[in-house]
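Quick caveat, the model's predicted, so the values are computed rather than measured. Sequence lines set the chain letters: A, B, ... in the order given, protein chains first and strands last, and positions in each chain run from 1. All heavy atoms count here, side chains included; hydrogens, waters and symmetry mates do not.
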There are 2 protein chains.
Amino acid sequence: MSAQSRTERPDRPESTDRRRELLAIAAELFADKGFRNTTVRDIADAAGILSGSLYHHFDSKESMVDEILSSFQAELFAAYDAVLLSDDDARTKIERAVRLSFEAIDRHRHEVAIFQNEADLLGQQERFAYLAERNAQSREVWITLLDDGLRSGALRPDLDIELTYRFIRDTVWVAVRWYRPGGKLTHTDVADQYLTILLDGIAHA
Amino acid sequence: MSAQSRTERPDRPESTDRRRELLAIAAELFADKGFRNTTVRDIADAAGILSGSLYHHFDSKESMVDEILSSFQAELFAAYDAVLLSDDDARTKIERAVRLSFEAIDRHRHEVAIFQNEADLLGQQERFAYLAERNAQSREVWITLLDDGLRSGALRPDLDIELTYRFIRDTVWVAVRWYRPGGKLTHTDVADQYLTILLDGIAHA
DNA sequence: GTCTATATGCCGATAGAC
DNA sequence: GTCTATCGGCATATAGAC
């Protein structure tokens with residue numbers, strides 16, 4: 001959409017910048033209070049304008065969360081694809097996939113939180129059907145990585161792949177609930193500890 | 001509250017049973033659609049009555065979720081206490097604490113889901129301050145168990161206890177998102193696999 | 001214990017002036 | 001691009017009849 005202005009003036013600060021600014025404000029509120037819980041008046045207040053003025057930039061509150069989620073997902077899955085297409089060994093690919101998830105939490109925590117909290121409900125509407133598709137796509141990525149790990153002998157052979165996938169997916173993304181950028185731990189610190197536990201467990205050898 | 005009728009006729013089916021029935025209906029809706037997203041009309045419809053009639057049983061929608069959460073938490077923490085006070089060794093206590101959590105998900109999944117999804121927001125109100133207290137209490141339990149594990153040599157000495165606590169807490173409770181009682185896997189199956197991964201990791205030895 | 005009827009307020013969204 | 005003003009709808013909750 002609007003491919004024209006984007007390709008012609010990629011670095012021009014203008015109406016597009018105001019949109020992004022408003023979307024960032026909305027994303028923070030959606031992440032903190034929930035989508036339904038956030039009113040268009042909340043968003044307008046935080047932006048220093050009146051609620052009616054928002055409708056100059058966006059069709060509806062729904063189209064705001066739509067734009068937030070779809071653009072984030074596009075970026076995230078491009079990163080997964082890069083891991084899948086690399087020629088690293090199975091274990092390294094798993095480590096990279098975990099690390100890029102924590103990096104996504106670091107760089108886009110509002111978007112991750114919104115997806116975690118709202119995807120199930122929003123996904124019931126046709127407009128957000130792509131959320132379920134992306135979910136299935138994410139599962140494909142992880143099942144592939146774990147299958148490779150099993151076949152190459154990097155992973156223990158008694159693992160239930162489906163359950164292991166859920167374990168990793170949940171464990172990684174749920175960190176968005178407490179991780180804060182600029183805190184004591186960097187996303188790399190967190191990824192290091194998580195990978196240690198995930199790969200080798202907490203029990204003394 | 002109403003200690004009289006409860007102590008005098010503990011097994012009397014009456015108005016208290018209707019309350020419990022309505023609370024169970026509300027809990028399912030709160031868990032599936034979110035607290036704010038669920039209207040009193042939704043609850044009344046599901047119960048086959050009109051919305052106004054709910055107010056014969058409850059002060060407000062808030063008091064419904066309050067009763068759901070507080071009675072569940074009381075039961076859960078009694079179970080934690082039993083583990084803490086037992087004379088099992090450190091590793092066994094950790095295993096028992098994990099297992100009882102999956103059992104709670106099996107037996108009270110609506111309540112667990114509501115707590116996971118709504119505690120942060122509700123906790124901002126004075127009325128729900130006990131949610132934050134219970135959260136702190138849960139942390140105490142786990143830090144104690146993990147500390148014992150470290151001191152007794154059951155756990156590897158390089159663990160970051162705080163991060164390990166978050167890892168376990170998140171990993172266990174987030175399963176409420178996909179676990180369904182009566183499905184292919186029992187809560188014991190899930191706990192077995194989770195403990196295997198948690199204790200020994202997914203990497204081939 | 002449930003129903004009828006309704007008060008009261010906040011919500012998302014729109015129309016048109018500036 | 002923002003403001004003024006406002007509509008129609010749905011939310012929680014209440015009062016009183018049955």
Ignoring hydrogens and geometry, is there a side-chain-to-backbone donor-acceptor pair from B:T92 to B:D88 under 3.5 Å?
no
Measuring from the side chain of A:K61 (C-beta onward, heavy atoms only), which nucleotide among D:dG1, C:dG1, C:dA13 has the closest atom?
C:dA13
Spacing of B:F58 atom CZ relative to D:dT14 atom C1', expressed in whole Å
18 Å
Nearest-Å distance for atom pair CZ/C1', residues B:R19 and C:dG1
14 Å
B:N37 CG - C:dC10 P separation (whole Å):
19 Å
Donor-acceptor pair, distance only, cut-off 3.5 Å: does the side chain of B:D170 make one with the backbone of B:F167?
no
Counting heavy atoms not belonging to B:R107, are there more than 12 under 6.0 Å from its CZ?
no
Taking the side chain of A:L50 as heavy atoms from C-beta outward, which of C:dG12, D:dC3, C:dG1 is closest to it?
D:dC3
Before you tell me yes or no, could you show the steps for A:R19 and A:E67 under side-chain contact (heavy atoms from CB on, under 4.5 Å), namely the whole-Å CA-CA distance, both residues' side-chain angles and the distance that decides it to 0.1 Å?
CA-CA 10 Å; A:R19 273 180 78 86; A:E67 196 165 330; 2.3 Å; yes
Take atom CG of B:L54 and atom P of C:dT2, then tell me their distance rounded to the nearest Å.
9 Å
Roughly, in whole Å, what's the span from CD1 in A:I43 to P in C:dC10?
18 Å
A:M64 atom CE is separated from C:dG12 atom C1', nearest whole Å, by 13 Å
B:H56 side chain, from C-beta outward: closest of D:dT12, C:dG12, C:dT2:
C:dT2
Nucleotide nearest B:Y55 (side chain, heavy atoms from C-beta), chosen from D:dA13, C:dT4, C:dT2:
D:dA13
Please determine, for the side chain of A:S60, which listed nucleotide (D:dT12, D:dA13, C:dA13) has the closest atom?
C:dA13
Verify the contact: side-chain N or O of B:S53 to OP1 or OP2 of C:dC3, cut-off strictly under 4.0 Å; return yes or no.
yes
As a test of reading the structure: which of D:dA13, C:dA13, D:dT12 is closest to the side chain of B:R41, going by heavy atoms?
D:dT12
I want to check a possible cation-pi pair here: A:R134 against A:F77, using under 6.0 Å from ring centre and within 45° of the ring axis as the test.
yes
Rounded to whole Å, how long is the line connecting atom CG of B:L22 with atom P of C:dT2?
7 Å
Proximal nucleotide (of C:dA13, C:dT2, D:dT2) relative to the B:R18 side chain
C:dT2
Whole-Å distance separating the CZ atom of A:R36 from the P atom of D:dG9
17 Å
What's B:I49 touching, base or sugar-phosphate or nothing? Going by heavy atoms closer than 4.0 Å.
sugar-phosphate
